[in-house]
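Some notes on the structure that comes next.
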Amino acid sequence: MSKLTDSFGRKMEYVRLAVTDRCNLRCQYCMPAHGIDIVPRQELLSFKEMYRLVRVLTELGVKKVRLTGGEPFVRKDFIGFLEMLSYNDLLDEINITTNGALISHHISTIEKLKKVKKINLSIDSLDREKFAKITRRDVFPEVYKTFELLEKSSLDLKLNVVVQSGFNTDEIVDFVRLTKDKNVAVRFIEEMPFNGKGQREMKENWTFKKILNEIKTEFDVTEVQSEKSSTSRNYSIENHLGTVGIIPAFTRTICNDCNRIRITSIGTFKNCLFDDGVFNLRDFIRSGASNEDLKELFLSLVKEKPENGFIAEANRKDGGASESMSTIGG
(Lines give C-alpha, C1' and ligand atoms only; values in the text may rest on other atoms or scores of the structure.)
Protein backbone atom coordinates (compact mmCIF):
# COMPACT_ATOMS: atom_id res chain seq x y z
CA MET A 1 0.00 0.00 0.00
CA SER A 2 1.26 3.45 -0.91
CA LYS A 3 2.96 5.51 1.76
CA LEU A 4 2.12 8.66 -0.24
CA THR A 5 -1.03 9.66 1.60
CA ASP A 6 -2.48 13.15 1.32
CA SER A 7 -4.27 15.07 4.09
CA PHE A 8 -7.63 13.65 2.92
CA GLY A 9 -6.51 10.03 3.23
CA ARG A 10 -6.09 9.46 -0.52
CA LYS A 11 -3.14 7.25 -1.44
CA MET A 12 -1.09 8.22 -4.49
CA GLU A 13 -0.42 5.16 -6.66
CA TYR A 14 -0.25 6.65 -10.16
CA VAL A 15 2.20 9.16 -11.63
CA ARG A 16 1.77 10.94 -14.95
CA LEU A 17 5.20 11.77 -16.34
CA ALA A 18 5.65 14.10 -19.31
CA VAL A 19 8.81 13.15 -21.19
CA THR A 20 8.79 16.25 -23.43
CA ASP A 21 6.95 19.52 -23.99
CA ARG A 22 7.35 19.19 -27.76
CA CYS A 23 4.63 17.99 -30.11
CA ASN A 24 4.32 17.42 -33.85
CA LEU A 25 0.68 18.59 -33.88
CA ARG A 26 -0.86 21.96 -33.02
CA CYS A 27 -4.28 21.04 -31.66
CA GLN A 28 -6.68 23.96 -31.30
CA TYR A 29 -7.49 23.17 -27.66
CA CYS A 30 -3.85 22.67 -26.66
CA MET A 31 -1.71 25.42 -28.16
CA PRO A 32 -1.66 28.36 -30.58
CA ALA A 33 -0.99 27.77 -34.30
CA HIS A 34 2.60 28.99 -33.91
CA GLY A 35 3.20 26.56 -31.04
CA ILE A 36 4.49 27.32 -27.55
CA ASP A 37 7.83 28.48 -26.21
CA ILE A 38 9.61 25.15 -25.77
CA VAL A 39 12.35 24.95 -23.18
CA PRO A 40 16.01 24.29 -24.06
CA ARG A 41 16.79 20.57 -24.08
CA GLN A 42 19.19 20.83 -21.13
CA GLU A 43 16.29 22.07 -19.01
CA LEU A 44 14.30 18.88 -19.66
CA LEU A 45 14.67 16.02 -17.24
CA SER A 46 17.06 13.43 -18.64
CA PHE A 47 15.79 9.88 -19.01
CA LYS A 48 18.16 8.86 -16.23
CA GLU A 49 16.61 11.49 -13.94
CA MET A 50 13.11 10.35 -14.89
CA TYR A 51 13.98 6.74 -14.17
CA ARG A 52 15.33 7.72 -10.77
CA LEU A 53 12.21 9.71 -9.86
CA VAL A 54 9.94 6.84 -10.86
CA ARG A 55 12.08 4.35 -8.94
CA VAL A 56 11.87 6.42 -5.77
CA LEU A 57 8.11 6.83 -6.18
CA THR A 58 7.63 3.08 -6.65
CA GLU A 59 9.58 2.46 -3.46
CA LEU A 60 6.95 4.64 -1.77
CA GLY A 61 4.08 2.66 -3.28
CA VAL A 62 3.38 4.06 -6.75
CA LYS A 63 2.35 1.16 -9.00
CA LYS A 64 1.53 2.79 -12.33
CA VAL A 65 3.15 5.36 -14.57
CA ARG A 66 1.63 7.04 -17.61
CA LEU A 67 4.08 8.57 -20.07
CA THR A 68 2.80 11.64 -21.87
CA GLY A 69 4.07 14.75 -23.64
CA GLY A 70 3.73 16.83 -25.67
CA GLU A 71 4.06 13.82 -27.86
CA PRO A 72 6.36 11.27 -26.18
CA PHE A 73 7.52 9.69 -29.46
CA VAL A 74 8.93 13.04 -30.59
CA ARG A 75 11.71 12.64 -28.03
CA LYS A 76 14.74 10.77 -29.33
CA ASP A 77 15.35 7.35 -27.73
CA PHE A 78 11.92 7.22 -26.10
CA ILE A 79 11.70 3.48 -26.90
CA GLY A 80 14.99 3.00 -25.04
CA PHE A 81 13.50 4.77 -22.02
CA LEU A 82 10.47 2.47 -22.17
CA GLU A 83 12.79 -0.53 -22.10
CA MET A 84 14.76 0.99 -19.20
CA LEU A 85 11.57 1.65 -17.22
CA SER A 86 10.43 -1.94 -17.80
CA TYR A 87 13.28 -3.14 -15.56
CA ASN A 88 11.65 -1.48 -12.55
CA ASP A 89 10.37 -4.57 -10.72
CA LEU A 90 8.10 -2.49 -8.46
CA LEU A 91 6.04 -1.13 -11.36
CA ASP A 92 2.84 -2.95 -12.28
CA GLU A 93 1.97 -0.91 -15.37
CA ILE A 94 3.51 1.45 -17.87
CA ASN A 95 0.91 3.25 -19.97
CA ILE A 96 1.34 5.74 -22.81
CA THR A 97 -0.70 8.60 -24.23
CA THR A 98 0.13 9.43 -27.87
CA ASN A 99 -1.32 11.14 -30.91
CA GLY A 100 -0.30 8.12 -32.99
CA ALA A 101 1.28 9.95 -35.90
CA LEU A 102 4.77 8.56 -35.31
CA ILE A 103 4.40 5.17 -33.70
CA SER A 104 3.05 2.64 -36.21
CA HIS A 105 6.48 1.06 -36.76
CA HIS A 106 7.11 0.88 -32.99
CA ILE A 107 4.01 -1.12 -32.03
CA SER A 108 5.57 -4.59 -32.35
CA THR A 109 8.47 -3.48 -30.13
CA ILE A 110 6.13 -1.99 -27.53
CA GLU A 111 4.08 -5.19 -27.39
CA LYS A 112 7.17 -7.11 -26.29
CA LEU A 113 7.52 -4.95 -23.19
CA LYS A 114 5.27 -6.81 -20.77
CA LYS A 115 4.84 -3.90 -18.37
CA VAL A 116 3.38 -1.69 -21.13
CA LYS A 117 -0.32 -2.40 -20.77
CA LYS A 118 -2.37 0.47 -22.14
CA ILE A 119 -2.17 2.94 -24.99
CA ASN A 120 -4.39 6.01 -25.07
CA LEU A 121 -4.65 7.27 -28.64
CA SER A 122 -5.75 10.90 -29.05
CA ILE A 123 -8.01 11.18 -32.09
CA ASP A 124 -10.57 13.98 -32.18
CA SER A 125 -12.18 13.38 -35.55
CA LEU A 126 -12.77 10.54 -38.00
CA ASP A 127 -12.86 12.95 -40.92
CA ARG A 128 -9.53 13.82 -42.53
CA GLU A 129 -10.41 17.43 -43.32
CA LYS A 130 -11.86 18.10 -39.89
CA PHE A 131 -8.93 16.32 -38.23
CA ALA A 132 -6.53 18.64 -40.06
CA LYS A 133 -8.54 21.66 -38.94
CA ILE A 134 -8.39 20.59 -35.29
CA THR A 135 -4.71 19.54 -35.27
CA ARG A 136 -3.45 21.97 -37.94
CA ARG A 137 -1.62 19.02 -39.50
CA ASP A 138 -2.69 16.64 -42.29
CA VAL A 139 -1.69 13.35 -40.63
CA PHE A 140 -5.03 11.58 -40.29
CA PRO A 141 -4.03 8.60 -42.50
CA GLU A 142 -1.02 7.91 -40.27
CA VAL A 143 -3.07 8.21 -37.08
CA TYR A 144 -5.84 5.98 -38.38
CA LYS A 145 -3.30 3.38 -39.46
CA THR A 146 -1.96 3.40 -35.90
CA PHE A 147 -5.50 2.94 -34.60
CA GLU A 148 -6.02 -0.12 -36.80
CA LEU A 149 -2.70 -1.65 -35.78
CA LEU A 150 -3.28 -1.02 -32.06
CA GLU A 151 -6.80 -2.43 -32.26
CA LYS A 152 -5.33 -5.71 -33.52
CA SER A 153 -2.48 -5.74 -30.98
CA SER A 154 -2.36 -7.22 -27.48
CA LEU A 155 -2.39 -3.73 -25.92
CA ASP A 156 -5.40 -2.30 -24.12
CA LEU A 157 -6.53 0.52 -26.42
CA LYS A 158 -8.47 3.63 -25.48
CA LEU A 159 -9.40 6.41 -27.87
CA ASN A 160 -9.34 9.88 -26.31
CA VAL A 161 -11.70 12.39 -27.93
CA VAL A 162 -11.68 15.98 -26.67
CA VAL A 163 -15.20 17.27 -27.30
CA GLN A 164 -15.06 20.74 -28.81
CA SER A 165 -18.06 22.85 -29.65
CA GLY A 166 -18.00 23.89 -33.28
CA PHE A 167 -15.54 21.16 -34.27
CA ASN A 168 -16.53 17.57 -33.54
CA THR A 169 -19.72 17.36 -31.48
CA ASP A 170 -21.51 16.00 -34.56
CA GLU A 171 -19.16 12.98 -34.50
CA ILE A 172 -19.90 11.74 -30.98
CA VAL A 173 -22.33 9.12 -32.26
CA ASP A 174 -19.88 8.09 -35.01
CA PHE A 175 -17.20 7.41 -32.41
CA VAL A 176 -19.63 5.35 -30.33
CA ARG A 177 -20.43 3.26 -33.40
CA LEU A 178 -16.78 2.17 -33.49
CA THR A 179 -17.38 0.15 -30.32
CA LYS A 180 -19.90 -2.09 -32.09
CA ASP A 181 -17.32 -4.34 -33.74
CA LYS A 182 -14.06 -3.13 -32.19
CA ASN A 183 -12.87 -4.00 -28.69
CA VAL A 184 -11.85 -0.45 -27.80
CA ALA A 185 -12.84 2.03 -25.14
CA VAL A 186 -13.89 5.36 -26.64
CA ARG A 187 -13.57 8.11 -24.04
CA PHE A 188 -14.96 11.59 -24.49
CA ILE A 189 -13.12 14.33 -22.59
CA GLU A 190 -14.56 17.66 -21.51
CA GLU A 191 -12.50 20.47 -23.02
CA MET A 192 -10.22 22.33 -20.61
CA PRO A 193 -8.92 25.91 -20.86
CA PHE A 194 -5.19 25.03 -21.04
CA ASN A 195 -4.63 26.16 -24.61
CA GLY A 196 -1.50 28.26 -24.22
CA LYS A 197 -3.25 31.31 -25.67
CA GLY A 198 -3.25 33.54 -22.63
CA GLN A 199 -7.04 33.61 -22.58
CA ARG A 200 -9.74 31.47 -21.05
CA GLU A 201 -12.41 31.90 -23.70
CA MET A 202 -13.85 28.65 -24.94
CA LYS A 203 -16.92 28.14 -27.04
CA GLU A 204 -19.88 26.45 -25.35
CA ASN A 205 -18.41 23.78 -23.09
CA TRP A 206 -19.79 20.30 -23.65
CA THR A 207 -20.10 18.95 -20.13
CA PHE A 208 -20.40 15.35 -19.01
CA LYS A 209 -24.21 15.49 -18.97
CA LYS A 210 -24.45 17.02 -22.41
CA ILE A 211 -22.10 14.44 -23.91
CA LEU A 212 -24.02 11.60 -22.27
CA ASN A 213 -27.34 12.96 -23.51
CA GLU A 214 -25.95 13.12 -27.06
CA ILE A 215 -24.89 9.46 -26.84
CA LYS A 216 -28.36 8.53 -25.57
CA THR A 217 -30.00 10.00 -28.66
CA GLU A 218 -29.00 6.80 -30.46
CA PHE A 219 -27.85 4.25 -27.88
CA ASP A 220 -29.16 2.66 -24.69
CA VAL A 221 -26.22 2.68 -22.31
CA THR A 222 -25.66 0.92 -19.00
CA GLU A 223 -23.14 2.29 -16.53
CA VAL A 224 -20.51 -0.28 -15.55
CA GLN A 225 -18.57 -0.54 -12.31
CA SER A 226 -15.16 1.09 -12.64
CA GLU A 227 -12.12 1.23 -10.39
CA LYS A 228 -12.61 3.67 -7.53
CA SER A 229 -9.87 5.96 -8.88
CA SER A 230 -11.01 5.82 -12.51
CA THR A 231 -10.83 9.12 -14.38
CA SER A 232 -13.93 8.25 -16.40
CA ARG A 233 -17.47 7.04 -15.91
CA ASN A 234 -17.90 4.09 -18.20
CA TYR A 235 -20.80 2.56 -20.08
CA SER A 236 -21.59 -0.58 -22.01
CA ILE A 237 -23.98 -0.96 -24.92
CA GLU A 238 -25.74 -4.23 -25.63
CA ASN A 239 -24.05 -6.25 -28.41
CA HIS A 240 -21.09 -3.86 -28.57
CA LEU A 241 -17.58 -5.28 -28.14
CA GLY A 242 -16.17 -2.04 -26.80
CA THR A 243 -17.19 0.46 -24.16
CA VAL A 244 -17.78 4.20 -23.88
CA GLY A 245 -16.46 6.52 -21.20
CA ILE A 246 -16.74 10.19 -20.33
CA ILE A 247 -13.96 12.05 -18.49
CA PRO A 248 -15.32 15.04 -16.51
CA ALA A 249 -11.99 16.87 -16.73
CA PHE A 250 -13.52 20.33 -16.44
CA THR A 251 -16.52 19.70 -14.16
CA ARG A 252 -14.16 17.69 -11.92
CA THR A 253 -16.58 15.23 -10.31
CA ILE A 254 -13.82 12.62 -9.91
CA CYS A 255 -11.53 14.48 -7.50
CA ASN A 256 -12.66 12.70 -4.34
CA ASP A 257 -10.97 9.46 -5.40
CA CYS A 258 -7.90 10.96 -7.10
CA ASN A 259 -4.77 8.81 -6.69
CA ARG A 260 -2.57 10.66 -9.20
CA ILE A 261 0.37 13.02 -9.14
CA ARG A 262 2.16 14.65 -12.08
CA ILE A 263 5.71 15.47 -13.07
CA THR A 264 6.25 17.76 -16.06
CA SER A 265 9.07 17.43 -18.56
CA ILE A 266 11.12 20.09 -16.72
CA GLY A 267 10.62 18.37 -13.38
CA THR A 268 7.78 20.41 -11.91
CA PHE A 269 5.85 18.36 -9.37
CA LYS A 270 2.08 18.85 -9.58
CA ASN A 271 -0.46 17.47 -7.16
CA CYS A 272 -3.28 18.42 -9.52
CA LEU A 273 -3.76 19.22 -13.17
CA PHE A 274 -5.09 22.62 -12.16
CA ASP A 275 -2.33 23.74 -9.76
CA ASP A 276 0.73 25.86 -10.64
CA GLY A 277 3.19 23.16 -9.72
CA VAL A 278 4.47 22.97 -6.18
CA PHE A 279 8.16 22.08 -6.50
CA ASN A 280 11.02 21.85 -9.03
CA LEU A 281 12.36 18.30 -8.76
CA ARG A 282 14.94 18.81 -11.51
CA ASP A 283 16.81 21.49 -9.59
CA PHE A 284 16.53 19.49 -6.37
CA ILE A 285 18.12 16.43 -8.02
CA ARG A 286 20.84 18.46 -9.70
CA SER A 287 21.73 20.11 -6.40
CA GLY A 288 22.82 16.70 -5.10
CA ALA A 289 19.69 15.40 -3.35
CA SER A 290 19.84 11.74 -2.27
CA ASN A 291 17.07 9.20 -2.80
CA GLU A 292 16.17 9.50 0.87
CA ASP A 293 15.91 13.27 0.43
CA LEU A 294 13.53 12.65 -2.49
CA LYS A 295 11.40 10.28 -0.45
CA GLU A 296 11.04 12.77 2.39
CA LEU A 297 10.20 15.46 -0.15
CA PHE A 298 7.49 13.40 -1.89
CA LEU A 299 5.91 12.45 1.45
CA SER A 300 5.76 16.14 2.31
CA LEU A 301 4.55 17.38 -1.08
CA VAL A 302 1.53 15.08 -1.32
CA LYS A 303 0.29 16.51 1.98
CA GLU A 304 -0.26 19.75 0.06
CA LYS A 305 -2.61 18.12 -2.46
CA PRO A 306 -5.83 20.19 -2.58
CA GLU A 307 -9.19 18.58 -1.96
CA ASN A 308 -10.25 19.15 -5.57
CA GLY A 309 -9.36 20.88 -8.81
CA PHE A 310 -11.51 23.92 -8.11
CA ILE A 311 -9.48 24.75 -5.01
CA ALA A 312 -6.24 24.14 -6.92
CA GLU A 313 -7.38 26.47 -9.69
CA ALA A 314 -8.47 29.18 -7.24
CA ASN A 315 -5.01 29.15 -5.68
CA ARG A 316 -3.18 29.67 -8.98
CA LYS A 317 -1.32 32.93 -9.40
CA ASP A 318 -2.14 33.36 -13.11
CA GLY A 319 -5.39 31.46 -13.43
CA GLY A 320 -3.64 29.04 -15.81
CA ALA A 321 -4.82 30.80 -18.94
CA SER A 322 -1.43 30.90 -20.66
CA GLU A 323 -0.46 27.31 -19.88
CA SER A 324 -0.63 24.59 -22.53
CA MET A 325 -1.59 20.96 -22.01
CA SER A 326 1.60 20.16 -23.90
CA THR A 327 3.59 21.86 -21.15
CA ILE A 328 1.59 20.32 -18.31
CA GLY A 329 1.70 16.82 -19.73
CA GLY A 330 -1.60 16.04 -21.39
Side-chain angles (χ1 to χ4, degrees), residues 14-27 30-31 35-58 62 64-122 137 139 142-143 145-146 149-150 153-157 261-270 280-286 289 291 294 324-330:
Y14 202 154
V15 59
R16 295 180 64 102
L17 173 62
V19 301
T20 182
D21 61 341
R22 293 154 172 80
C23 189
N24 52 322
L25 305 186
R26 294 291 181 270
C27 297
C30 183
M31 64 176 79
I36 58 173
D37 294 328
I38 58 175
V39 301
R41 292 191 184 276
Q42 65 269 21
E43 293 185 20
L44 296 175
L45 287 170
S46 69
F47 285 140
K48 185 177 180 180
E49 289 169 332
M50 290 180 190
Y51 181 88
R52 183 183 174 196
L53 288 170
V54 173
R55 180 66 195 186
V56 170
L57 285 168
T58 56
V62 165
K64 301 178 184 179
V65 60
R66 175 166 296 281
L67 303 175
T68 69
E71 168 51 42
F73 288 89
V74 166
R75 185 156 180 178
K76 185 180 179 182
D77 295 329
F78 175 65
I79 291 294
F81 177 59
L82 273 179
E83 293 171 342
M84 183 195 311
L85 210 53
S86 295
Y87 286 106
N88 185 333
D89 58 315
L90 298 178
L91 264 182
D92 289 342
E93 288 185 20
I94 301 170
N95 303 320
I96 305 168
T97 296
T98 176
N99 61 40
L102 302 171
I103 79 165
S104 60
H105 62 289
H106 291 301
I107 292 173
S108 59
T109 302
I110 295 170
E111 278 190 282
K112 295 174 185 175
L113 302 175
K114 294 183 179 180
K115 287 188 184 289
V116 180
K117 307 290 187 181
K118 301 171 184 176
I119 301 281
N120 287 5
L121 178 64
S122 299
R137 297 291 186 271
V139 293
E142 292 90 331
V143 174
K145 177 184 177 183
T146 295
L149 291 171
L150 286 171
S153 77
S154 61
L155 297 161
D156 181 351
L157 174 63
I261 52 179
R262 290 172 175 263
I263 300 174
T264 74
S265 59
I266 60 171
T268 302
F269 181 91
K270 292 173 70 71
N280 190 304
L281 298 170
R282 179 200 63 207
D283 292 350
F284 190 60
I285 288 175
R286 294 179 186 178
N291 285 357
L294 282 168
S324 163
M325 282 301 296
S326 188
T327 302
I328 299 170

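Only heavy atoms go into these numbers, but all of them, side chains included; no hydrogens, no water, no symmetry mates.
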Closest approach of [X] and [Y], non-hydrogen atoms and distance?
X      : Y      : value
Thr146 : Ile107 : O-CD1, 4.2 Å
Arg16  : Thr97  : NH2-OG1, 4.4 Å
Lys76  : Phe47  : O-CE1, 3.3 Å
Glu83  : Leu113 : CG-CD2, 3.8 Å
Gly69  : Ala18  : O-CB, 3.9 Å

Task: With Arg55 via salt bridge (charged side-chain N to carboxylate O under 4.0 Å, His left out) - residues at least two apart - done: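 For Arg55 the salt bridge (charged side-chain N to carboxylate O under 4.0 Å, His left out) partners, ignoring immediate neighbours, are Glu59, Asp89.
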[X] side, atom [atom1]; [Y] side, atom [atom2] - distance, nearest 0.5 Å:
X      : Y      : atom1 : atom2 : result
Leu25  : Asn99  : CG    : CG    : 4.0 Å
Met50  : Leu17  : CE    : CG    : 5.0 Å
Leu155 : Asn120 : CG    : CG    : 11.0 Å
Ser153 : Ile110 : OG    : CD1   : 9.0 Å
Tyr51  : Asn88  : OH    : CG    : 4.5 Å
Leu121 : Leu149 : CG    : CG    : 11.0 Å

Verify, without hydrogens or angle tests, whether [X] (side chain) and [Y] (backbone) share a donor-acceptor contact under 3.5 angstrom.
X      : Y      : answer
Arg66  : Glu93  : no
Glu49  : Arg282 : no
Asp77  : Gly80  : no
Lys115 : Leu91  : yes
Asp21  : Ser265 : no
Ser104 : Gly100 : no

Would you say the side chain of [Y] lies within less than 4.5 Å of the side chain of [X], judging by non-hydrogen atoms?
X      : Y      : result
Leu57  : Val65  : no
Tyr14  : Asn95  : yes
Leu102 : Val139 : no
Arg22  : Leu44  : yes
Leu82  : Ile96  : yes

Task: Test log, rule side chain to side chain contact (heavy atoms under 4.5 Å, CB included), inputs Asn24 and Arg137 - done: CA-CA 8 Å; Asn24 52 322; Arg137 297 291 186 271; over 6 Å; no
Task: Single hit among Val54, Leu45, Val19 for side-chain contact (heavy atoms from CB on, under 4.5 Å) with Ile263 - done: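 It is Leu45, the one option of Val54, Leu45, Val19 that forms the side-chain contact (heavy atoms from CB on, under 4.5 Å) with Ile263.
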Open item on the list: Run the side chain to side chain contact (heavy atoms under 4.5 Å, CB included) test on Ile285 and Leu294 for me, step by step, so that the C-alpha distance in whole Å, both residues' side-chain angles and the decisive distance to 0.1 Å come before the verdict.
Closed with: CA-CA 8 Å; Ile285 288 175; Leu294 282 168; 4.3 Å; yes
Open item on the list: Tell me whether Arg286 at atom CZ has more than 12 heavy atoms from other residues, nucleotides or ligands lying less than 6.0 Å away.
Closed with: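 Check passes, neighbour count above 12.
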Open item on the list: We want to know whether Thr20 and Glu71 form a side-chain donor-acceptor pair, criterion being a heavy-atom distance below 3.5 angstrom.
Closed with: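 Glu71 and Thr20 do not have a side-chain donor-acceptor pair below 3.5 Å.
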